[in-house]
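Numbering of ligands and ligand atoms starts at 1, following listing order. Quantities reported herein were computed from a predicted structural model and do not represent experimental measurements.
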Amino acid sequence: MKEKHLDTICVQGTYQPKNGEPRVIPICQSTTYKYDSGEHLGKLFDLKEPGHMYTRISNPTVEYVEEHIAALEGGVGAMLVSSGQSANFLTVFNITSAGQNFVSLTSIYGGTINLFSVTMKRMGIECRFVLPGMTDEEIDRLFDDNTRMVFGETLSNPGLSVLDIERFAKIAHKHGVPLVVDNTFPTPVLCRPIRHGADIVVHSTTKYMDGHASVVGGVIVDSGNFDWSAGGKYPEFTTPDESYHGVVYTESFGRAAFITKARVQLLRDFGCIQQPLTAFLLNEGLESLALRMQRHSENALALAAYLERHEKVSFVNYPGLASSPQHALAEKYLPNGASGVIAFGIKGGRNAAMKFMDACRLASIVVHVADARTCVLHPASTTHRQLTDKQLEESGIGADLIRMSVGIENIQDILEDVEQALAAV
Ligand SMILES: *Cc1c(COP(=O)(O)O)cnc(C)c1O
């Protein structure tokens, strides 16, 4: 059958109830499963037959939602985890060990920077950062025989730079390593990184996928396209895993080797699972994702265009604006919208920006982004308040910067709220 359009996959997912079964995915709130024989359970433990053993490894509700997201991203498999942070951690740790390294863009989420540069370092894993403006030759020099992957965000949080996925896929593949893309901000509705050459896609499902600021979660999607046996570079996939009765992942699981190993090794050992009820709530969000992303993008573009013309605004950063230096990349990778987050500066610096944030009424002050409700944040006085003005400037977050996550309310109400808040400055 022809592949369905993405908005149809959002609504319908892949769950197909049989005659008389519930139309909506059931919540299987059970840690355990019952078997007719010990022999059958033995086969499950040997990974010879698919089936559920224990909810720390898999669960029917969680599996329905994993299949839904794998279909949205166009991957061979997906694994839900407890948060976006776990998704990034397990992805790196699935293919990188102490003494090895990986390459990452610097324009990524602050929590991920901390995970990569502080916590993973304590595990003996080194992250080598690609600075903005580096040439391909300069990036090539970051790689050595122990480099295991390349990491970037499709649309970075909070810098809003657009990743040239095809360029970085080419660089990664030249060095025989996979490209991992965090696709949290666009979601598969606005960009499907696997189509541009990404091998692994990760998400904080806490953001737009849930979309209602209800549940923290993460997901890892395996494209199935990376050949782990080429060049003998990844023996963890091609030689027996002693912790799993000598299974060889590429032999037993073929294209799903990466995601299977992540599950039966790392989810088993770290236990950072997504709970069945959380997965159910996430799935409710997925059903309306296509509609919401369209509205988020339309509203954000309209607000960005309004702010660009406002005399009290010093700059607007939104890749969807024709004036943005990111616009050409946005047209290529985000042709249907540049998502809902914008950043802008208020003339008058720190105090003016704080005044603006406090004056917002419809937009609420929260640390979160990617909610159906419009949210506003002044990073310099909140999430980044430990930084000096000079450090703020260096990290691209000036003391005058406001981040707005534009919701799906009526755009007139959003514009009026911003207008009255700017008037109060
Ligand atoms: C929020 C976020 C994360 C972390 O996700 P949590 O679900 O909060 O753990 C990772 N990457 C990006 C791009 C994010 O926006």
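Residue-ligand proximity: Ser156 is placed with every non-hydrogen atom at 4.0 Å or more from ligand 1.
In terms of protein heavy-atom proximity, atom 15 (O) of ligand 1 is closest to Lys207 NZ, 2.7 Å. Atom 10 (C) of ligand 1 has its closest protein heavy atom at Tyr109 CD2, 3.5 Å.
Below 30°, between 30° and 60°, or above 60°: for Phe151 and Phe116 the angle between ring planes is above 60°, a perpendicular geometry.
Atom 11 (N) of ligand 1 has its nearest heavy-atom neighbour, among Asp182, Thr205, Thr184, in Asp182. Closest to atom 13 (C) of ligand 1 by heavy atom, among His368, His203, Glu153, is Glu153.
Taking every heavy atom of Thr206 and a limit of under 4.0 angstrom, the matching atoms of ligand 1 come to 6 (P), 7 (O). Residue Asn157 has at least one heavy-atom neighbour below 4.0 Å for each of these atoms of ligand 1: 14 (C), 15 (O). Within ligand 1, counting atoms from 1 as listed, the ones closer than 4.0 Å to a heavy atom of Gly217 are 7 (O).
A side-chain donor-acceptor contact under 3.5 Å links Arg292 to the backbone of Gly285.
Across Arg350 and His378, no two heavy atoms sit closer than the pair O-CE1, 3.9 Å.
Residue-to-ligand polar distances place Gly84 within reach of ligand 1: an N/O pair is separated by less than 3.5 Å.
Note that Lys207 lies in the cation-pi zone of Tyr109, set by a 6.0 Å cut-off to the ring centre and a 45° limit from the axis. Annotation: cation-pi pair Lys261/Phe237 present, NZ/CZ under 6.0 Å from the ring centroid and within 45° of its normal.
Using a 4.5 Å heavy-atom threshold, the side chains of Val202 and Asn183 count as separate.
Aromatic ring centroids of Phe344 and Phe356 lie under 6.0 Å apart.
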